[in-house]
2 protein chains.
Amino acid sequence: MTTPTLDPTDRRILDVLQSDGRISNLDLAAKVGLSPTPCARRVRRLEETGVIRGYGARINPAALGHGVNVIVSVRLVRQNPRDIDEFLRAVKAMPEVTECLLVTGDLDYILRVAAPDVDSLKGFFLDRLKKLPGVSNTTTNLILETVKTTR
Amino acid sequence: MTTPTLDPTDRRILDVLQSDGRISNLDLAAKVGLSPTPCARRVRRLEETGVIRGYGARINPAALGHGVNVIVSVRLVRQNPRDIDEFLRAVKAMPEVTECLLVTGDLDYILRVAAPDVDSLKGFFLDRLKKLPGVSNTTTNLILETVKTTR
DNA sequence: GTTGAAACTTATTAAAC
DNA sequence: GTTTAATAAGTTTCAAC
């Protein structure tokens, strides 16, 4: 990938934009100690080089009806390509699955699952996740609180 | 918490803002089939009621020099308020900690940690995380691939 | 890198329907 | 909820330093 060099000013810009993606260029320039023109140039460059991938609203999951958020650790039985492929395709298609990570360790995939309530989650597990090929073991942790997020 | 009722239009607004947090009110209104005035009113209401928690730039972790991403499961020794409080304060202040979740199960907190390389991660663990009060046990999983993200 | 100014696009508010 | 109009504010582009 292209790896543009980021100087300290770029990093400060990214820092500010990460916590306030809707700040005006004037305020941003003032915060990072730059005049508006070069500040806008830098932001545009960061966007064009893919350092900034986009902007998004941080939405309260509970308000969206995602009252129940869990982390599901999944272990696949056999690591054969066909099963993995089908598992990944299914996971990508499931709207409840908010995130899916391939990790090392004694488990294979970590899923983040959001559902309106426990009943929906039950259906998701029994009717869908557990029926996927290769899924041998799953452990679930209920998320009680999001203490921090910088993403 | 206050749970305002979200009608379909609100949900469409949230949907658009989630993927494009910098869209102008005019474009947003057009996308959700509303005129600009009530659209702006709804967005403002969503912000004030806490449904929209803020806006942020999505930044390429690799560009930031976060080549190594891990998931750290942390277990605290004693669950006394003072320790928990200090632990949380420290975690919030650590820039390497990208996410922190309080969960149920045989562990207490799940952290997402990003570092430039393995050496930095080593320093983070030995000099900082392990020295926090109450941290008894940590297990670490290296993230090999982000298969899916909807957040 | 800086400032300054003009042209263009939005946001915001108010009014009337 | 809608449209329209006016003011204020922000963005972008350009020139000159």
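Chain identifiers are assigned alphabetically (A, B, ...) following the order of the sequence lines, protein sequences preceding nucleic acid strands; residue numbering begins at 1 within each chain. Keep in mind the model is a prediction, meaning the values are calculated, not measured. FYI, side chains are in, hydrogens and waters are out, and symmetry mates aren't considered; it's all heavy atoms of this structure.
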- Query: Do Y55(A) and Q18(B) have side-chain atoms, one donor and one acceptor, less than 3.5 Å apart?
  - Reply: no
For residues 61-76 of chain B, tabulate all N or O donor-acceptor pairs below 3.5 Å that involve a side-chain atom, not counting sequence neighbours.
from: N69(B); atom 1: ND2; to: H66(B); atom 2: O; distance (Å): 3.1
from: R75(B); atom 1: NE; to: D106(B); atom 2: O; distance (Å): 3.4

- Students should find that the nucleotides of DNA chain C closing off the region near chain A, any atom under 4.0 angstrom from a heavy atom, are dG1(C) to dG4(C)
- Item | Charged N-O contact under 4.0 Å between D15(A) and R11(A) | no
- For DNA chain C, determine which residues of residues 9-16 of chain B have any heavy atom closer than 4.0 angstrom to one of its atoms, and list them numerically. none
- Looking at side-chain heavy atoms only, is the closest gap between L6(A) and L46(A) below 4.5 Å? yes
- Item | For the student: nearest non-hydrogen atoms of K148(B) and K92(A), plus distance | NZ-O, 2.9 Å
- Task: Locate the shortest heavy-atom distance separating G105(A) from N141(B); write the atom from each residue and the value.
- Result: CA-ND2, 3.6 Å
For residues 30-38 of chain B, tabulate all N or O donor-acceptor pairs below 3.5 Å that involve a side-chain atom, not counting sequence neighbours.
none

- Item | Under-4.0 Å salt bridge between D117(B) and K122(B) | no
- Message: For nucleotides 1-17 of chain D, give me one character per nucleotide, 5' to 3': B if any protein heavy atom sits under 4.0 Å from the base, S if the only such contacts are to the sugar-phosphate, - if neither.
- Response: SBB------SB-S----
- Non-hydrogen atoms of D108(A) and L102(A) that approach each other most closely: O-CD1, 3.5 Å
Taking distance alone, no hydrogens or angles, what donor-acceptor pairs closer than 3.5 Å link side-chain atoms of residues 123-133 of chain A to residues at least two apart or in another chain?
from: R128(A); atom 1: NH1; to: E96(A); atom 2: OE1; distance (Å): 3.0
from: R128(A); atom 1: NH1; to: E96(A); atom 2: OE2; distance (Å): 2.8
from: K130(A); atom 1: NZ; to: T138(A); atom 2: OG1; distance (Å): 3.2

